[in-house]
Structures are given as C-alpha cells and as structure tokens.
Undergrad: 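The structure under discussion is supplied below as structure tokens; questions concerning it will follow.
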Amino acid sequence: MKAVIIDGYVDEPALLGVPPYISPYVRYSAGVFRKWGVDYDYFTIDTIRRENLWESFNNYDLLLLICGLTVPGHYVGGTPITPGEIIRIFRSNEKPLRILAGPVTLAYTMRGGSFAEILKGLEADFLVRGDVEAFLESFFEGEPDENKRSDYNLIDEIAHLGAEVVRKHPKFPFIICEMELSKGCERSSYCSFCTEPVLRGKLRSRSVKGVLREMKELYKEGCRAFRFGRTANIFAYGSDWNHWKPCPSVLEELFSEARKIAPDAIIHNDNANPSHMIEYRRETVKILETIVRYNTEGDILSFGVESFDEKVLKRNNIGSSPEDVLEAVRIVNEIGGVRVNGVPKILPGINLLYGLIGESPETYRKNYEYLKKILDKGYLVRRINIRQVMIFPGTPLHRYYSVKRFKMNKSLFEKWKEKIREEIDRPMLKKVFPVGTVLKRVIPEYKKGKLTFGRQLGTYPILIGFPGNFEKPVDVLIVDHGRRSITGIRYPASINSMTVEELEMIPGIGKNLSRKIILERPFKDWKDVEKVLGSNSTSHLKDLGITL
C-alpha cells in the first residue's frame, strides 16, 4: 500500500499547524503509516497550488487530507486550504481511498465574525470526526471507526515514528514542531465560543517521557525549533495527576530534559490562563522561573483574555477578571522580562475576541482602557491579537446565536482596532524591540518591492522588513517601528558598504543624506562622517551599532 498525506493546515485554540508550524496530526499520521509498513509521501496545499498538482494522486492507494480552522488568524508562512480546494482534490483523485481529518469535519469557516458551516458534497470515503491517528489505527486493524478517540498510549507508541516526515516539509529545516502536552481544558466549565472542549473534553496530560521521546527523534531528524503549544494552559500541564493543582516539578523535568535533548534549539510556549495563574500564584512563580531558565528569548505566553468587560466575561463563562489579567501580566514581566540578546525572555500576549454575548460599545472602550493601563504601568506585552469570533456547532455561543440574530458591528470593530494598533501597539513595539536591537537568523518569507520580509522561528515572531534580496537567514538591526512590524537593515552594517536603500531606512537620514554618504565615502573615521552628516546624525549611527 502507498499513501499520501496532504497538509491543508490546521489552527485550533491550542494548536497551530500553518507553516512554519507542522502539526502533530501530520506527524502522528506518518507514525501510524510507518508502524504498519505503509510507504507514504507528504505535500502541503501550498506546494499543490504552486506546482499545479491537483490531479497527481491517483497512483496512491490512500489519500489523507488534514485541515481545518476553528480560530481566526492571519498567516504569513502559508494559506490554509479552502472548501473548494478540498472538493477539487477529492474529485480529481477518485482512485485512492479518500480520508478527510482535522477540525474541518466539525465545520469550516475561514474568517472571523461568521458561522462555521458543515461542509457537504466532499466525496470523501471517510470523515474522521475523532482523532486521525486513532482512526488510522482502527483502519489498519480492519475495523475503521471515524469517531474513535486517541489515548496517549497510542500517541506515545507512534509519535516518534512519524518524526521523519519533517524532512519532507517544503520549508525544512526552517520549521517549528508543535509539541502536544495535553488534550482538553482544566476548567470545570468552558468558554462559550471555544472548540477545545467540543473536540477534546476534559484535560488529559501526556507523559513527560512520551513528549521527550518524540522530541529526541525530531531533533535527530534536524528539527531545531519546538513549541509546547498543544496545551490549553501550560501551567495546568500535569495537574490532572495532582488533584488539579499545578505541578512545578513536572514542568521542571519537562523543560530541563528538553534542553538537554535540544541544547541549541528554540524552545517556546503558547497558551496560559491568567486566572489559573493567580489562583495558584506560588506554583505559577516556580513554573515561570523554570521556563525562563530553559526557554529561548522572544517567547510568549498567550493569554485568552477575550474581553476586559466583566459583563461579557460573565455571560460567556470566561473564567478571569480584568484585575487577574493585570496581575498575571505583572508577574510575567517581573520574571520573564530579563533580556537575552536584547530581547525579553518571555512576555504575555493578549487575545481579544469580539462578537461575544453581551457585547456593547462600552466593551470596546473598556478593552482599550485596560490595554492603555498596561502600557502606562510600564508592563510589556509582546503582541495583541484582535479577532472576531468564529461560531462553531456544539458551543454555547452557537446555541445562543441560533435563536438570536448575530450581527457584528464592523465599523465599531475597525475603529477601535485601529486605535489600539496606533496608540498601544506602536509604542509597545518600541519598548519590546528598541532601536539598535539585533535579531539573529531572520528567515526570509516573501519580497515586496525593494524589501524582503522575514521572521525568526518562534511563537508569534515579529514581522521584519529590510531592504535587499535575501534567500538565506540574515541578522537584522532594528532601525524603526510600525504598528505590527518593524524595519531593519542587515547586520553587521558598515556606513562604507551599506546600500542606498539601507541608508534610506534609517530615520533622520532619508534620500538626500544617503546619496551624499554614497558620494563622499569611503570615510576614514567618524570625524569625516560628522563633516557630512553633522554631530546628531553621526551619534545616532554610532548608537545603532553601525561601523565604518
């Protein structure tokens, strides 16, 4: 038998599988194939689009398509598959057994502020509503079960076997492996909009031994970036083994052993629950200290704040308060704000969600005011996600809006979003990434005009625009800030060798002075530079770290 895995990309509350991320679903599927001696290939939807491979899979016995979004996102590294493309692939390849898996089988939408719809006319032989690895195992055992759920005994048996698939990814070695720590949520009741309890249920933690075994194989295959992102709350990992109380010793074992396995790798995190952090403050501090000891700088803890309006929080069963969030932000800043290579070790990220029950114009004002309070207190926040809710079957929000008309106030949303971007994001970026900071190994993603745009590997990496045509990773010196991105030039930078485009990027230089520099160089010393630029501009260049 020969199989093909098509990665249409996934994005869920506790999991990201859009490049440069490669999801556990893909790796687990490869692991089951390898366990059962099945030869397989792997393609991403972007590769299929780019190389026009729509009708190229009829020579396979089994076609597995994995995809689905249950949270809204903006993606740089890849574009998730559309429903039309799913249908096109299945209709163009009728010979193999066609399997559709991932959150797409719950329902699908590609934009916030909308109802997810159950897809029809897909012409798949199997719609896997359970876990893809559990279905594949049941299939090869001769009793295929589309609704079968996986346990960690199976995952720990096959996860390390699927590590080899990372080499087939078109972006390899510049990929991030999303590492699964748990399924489900530790809360006793759930947020109105969230699909994690619909898909996964109550929290179940994976063994540290299983995680590390998989990570070791991925590292052997050449993966150099990992994120403990497949968990709804990093501080709750292992708490189901301890009467729901956080386990600092478990996190110490995980992070310390992970760093031994991957001494030179990026190790980052994702989700954290601020109210849980405050409820278990002492354990939170210990776990944060552990993370900061072993992680890589530029890390983020994503806080599912969703709203600072207490009325909205209550009506949507979001288990936090505005004051809890402020205190959690303070704690993370205090412990994680230490800078390595000029970048904070770990900072909070804040998620805001609009379209929830009980929302009013007052909600927008309160959200802005609390963000402004964070800024004014001098706390750092790495990024603010402002999104419109996706409404999925099985959630309380879907039941509510099934009987009550759903309507987003688009103009109000855009007005306050722009206000936050300009008055909060821009000054915050200047604090997080000061001018003169050097970001190492920025990976080019795309080109626009004379600029290359790229990002570092990591969790929610900042987008950087820098002049020139680059194909390989480059170190970048930050010279200016936008609202959601920053501007830089290649580093090291010498005034005697910089291009005119690079000189123009530096605030205070501009077109006229940059051309004057080109005509007057080479400069023998900074006194020669000062004669051309004046003392202020010369001092600014020296402060940036630019050399002769």
Side-chain angles (χ1 to χ4, degrees), residues 1-12 15 17-18 23 25-26 29 40-73 75 78-136 138-139 143-149 193 195 198-199 388-395 397-399 401-402 406:
M1 176 178 282
K2 188 171 183 180
V4 60
I5 303 170
I6 296 177
D7 192 349
Y9 311 145
V10 294
D11 192 358
E12 302 175 21
L15 184 150
V18 182
S23 77
Y25 299 149
V26 168
S29 299
Y40 69 91
D41 288 321
Y42 168 75
F43 295 88
T44 68
I45 184 59
D46 285 311
T47 299
I48 292 172
R49 294 180 186 122
R50 185 173 58 252
E51 300 180 15
N52 195 26
L53 300 177
W54 303 101
E55 302 174 4
S56 302
F57 308 109
N58 277 302
N59 57 324
Y60 292 93
D61 301 297
L62 187 153
L63 187 160
L64 172 62
L65 175 53
I66 300 170
C67 59
L69 313 174
T70 65
V71 292
Y75 310 105
T79 302
I81 197 169
T82 66
E85 289 173 329
I86 296 172
I87 293 170
R88 182 177 181 181
I89 288 172
F90 284 155
R91 287 182 178 175
S92 300
N93 300 275
E94 297 181 346
K95 292 183 180 179
L97 191 72
R98 295 160 296 180
I99 302 168
L100 184 64
V104 66
T105 57
L106 175 64
Y108 205 113
T109 180
M110 296 191 70
R111 57 187 181 83
S114 65
F115 276 82
E117 297 181 359
I118 297 173
L119 299 185
K120 299 177 181 179
L122 296 174
E123 300 183 19
D125 297 293
F126 291 100
L127 291 175
V128 180
R129 295 181 175 87
D131 294 316
V132 61
E133 67 277 3
F135 166 78
L136 290 175
S138 70
F139 175 83
E143 297 181 358
D145 184 350
E146 296 172 311
N147 299 306
K148 189 171 183 180
R149 290 294 179 185
F193 53 87
T195 58
V198 175
L199 294 169
Q388 299 174 70
V389 70
M390 288 175 163
I391 306 168
F392 274 82
T395 64
L397 193 67
H398 188 275
R399 291 192 291 272
Y401 283 128
S402 294
F406 172 73

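One-based numbering along the sequence shown.
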Undergrad: For L122 and L127: C-alpha separation, side-chain torsions, deciding distance, then whether side chain to side chain contact (heavy atoms under 4.5 Å, CB included) applies.
TA: CA-CA 9 Å; L122 296 174; L127 291 175; 4.1 Å; yes
Undergrad: Would you name the heavy atoms of Y25 and P103 that are closest together and state the gap between them?
TA: CE1-CD, 4.2 Å
Undergrad: What's the separation between atom OG in S92 and atom CD1 in I87, rounded to the nearest 0.5 Å?
TA: 11.0 Å
Undergrad: Can you measure from CZ (F392) to OG (S114) and round to the nearest 0.5 angstrom?
TA: 8.0 Å
Undergrad: Do E123 side-chain atoms and R91 backbone N/O form a donor-acceptor pair below 3.5 Å?
TA: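 Judged by distance alone, no pair lies under 3.5 Å.
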Undergrad: Of all the heavy-atom pairs spanning G78 and V18, show the shortest one and how long it is.
TA: O-CG1, 3.7 Å
Undergrad: Of the non-hydrogen atoms in R129 and T105, which two are nearest, and what is the gap between them?
TA: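 Looking at all heavy atoms of both residues, the closest pair is CA-OG1, 3.7 Å.
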Undergrad: Could you measure the distance from the NZ atom of K148 to the OG atom of S138? Nearest 0.5 Å is fine.
TA: 5.5 Å
Undergrad: To the closest 0.5 Å, what do you measure between CD (E12) and CG (L106)?
TA: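 Rounded to the nearest 0.5 Å, the CD-CG separation comes to 9.5 Å.
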Undergrad: Show the nearest heavy-atom pair for residues G17 and D7, with the distance to one decimal.
TA: O-OD1, 4.4 Å
Undergrad: Minimum heavy-atom separation for A107 and A116, please, with both atom names.
TA: CB-CB, 3.6 Å
Undergrad: Between Y60 and D41, does any side-chain donor sit less than 3.5 Å from a side-chain acceptor?
TA: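 Their side chains do contain a donor-acceptor pair, which is all the 3.5 Å distance test asks for.
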Undergrad: Taking side-chain contact (heavy atoms from CB on, under 4.5 Å) as the criterion, tell me which of L64, I86, V128 meets it with L100.
TA: I86
Undergrad: Taking the side chain as C-beta and beyond, is there a heavy-atom pair between P96 and V4 under 4.5 Å?
TA: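 No, too far: nothing below the 4.5 Å cut-off.
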Undergrad: I need the minimum non-hydrogen distance between C67 and I81, along with the two atoms involved.
TA: CB-CG2, 3.5 Å
Undergrad: Should P72 and Q388 count as side-chain neighbours, where that means a heavy-atom distance under 4.5 Å?
TA: no
Undergrad: Do R49 side-chain atoms and T79 backbone N/O form a donor-acceptor pair below 3.5 Å?
TA: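 Pair found, side chain donor or acceptor close to backbone of T79.
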Undergrad: Would you confirm whether T395, through its side chain, and T195, through its main-chain N or O, come within 3.5 Å as a donor-acceptor pair?
TA: no
Undergrad: To the nearest 0.5 angstrom, please state how far the CD1 atom of I45 sits from the CZ atom of R50.
TA: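 Those atoms lie 11.0 Å apart.
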Undergrad: Mark yes when over 12 heavy atoms from residues, nucleotides or ligands other than E51 sit less than 6.0 Å from its CD; otherwise mark no.
TA: yes
Undergrad: Treating N58 as the side-chain partner and K95 as the backbone partner, does any N or O pair qualify as donor plus acceptor under 3.5 Å?
TA: yes
Undergrad: With side chain to side chain contact (heavy atoms under 4.5 Å, CB included) as the test, would you mind laying out the steps for L15 and S23 before giving the verdict?
TA: CA-CA 7 Å; L15 184 150; S23 77; 4.1 Å; yes
Undergrad: For the aromatic rings, using the six-membered ring if either is Trp, is the centroid distance between H398 and F115 under 6.0 Å?
TA: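 Between F115 and H398, which both carry aromatic rings, the centre distance is below 6.0 Å.
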Undergrad: Determine whether a donor-acceptor pair (N or O, by modelled atom type, separation under 3.5 Å) exists between the side chain of D145 and the backbone of F139.
TA: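 No.
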Undergrad: Please work out which of the three classes, parallel, tilted or perpendicular, describes the rings of F135 and F126, given edges at 30° and 60°.
TA: tilted
Undergrad: Check ring-ring contact (aromatic ring centres under 6.0 Å, His included) between Y9 and all other residues, then give those that pass, not counting sequence neighbours.
TA: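 Counting only residues at least two positions away or on another chain, Y9 forms no ring-ring contact (aromatic ring centres under 6.0 Å, His included).
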Undergrad: So how far is it from L397 CG to F406 CZ, rounded to the nearest 0.5 Å?
TA: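 So the gap between those two atoms works out to 7.5 Å.
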Undergrad: Under 3.5 Å, side chain of T47 to main-chain N/O of F43, donor-acceptor pair present?
TA: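 Checking the backbone N and O of F43 against the side chain of T47, no donor-acceptor pair under 3.5 Å is found.
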Undergrad: With a 3.5 Å distance limit and no angle check, can you tell me whether N93 reaches the backbone of W54 through a side-chain donor-acceptor pair?
TA: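 Answer holds: yes.
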Undergrad: So I89 and I6, side chain to side chain contact (heavy atoms under 4.5 Å, CB included) or not? Walk me through it.
TA: CA-CA 10 Å; I89 288 172; I6 296 177; 3.9 Å; yes
Undergrad: Can a salt bridge be assigned to the pair D125 and R98 using a cut-off of 4.0 Å between side-chain N and carboxylate O?
TA: yes
Undergrad: Run L65 and I99 through side chain to side chain contact (heavy atoms under 4.5 Å, CB included) and show every step you take.
TA: CA-CA 6 Å; L65 175 53; I99 302 168; over 6 Å; no
Undergrad: Check T82, L69, I118, T70 against Y108 for a side-chain contact (heavy atoms from CB on, under 4.5 Å) and give me the one that passes.
TA: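 The passing option is L69.
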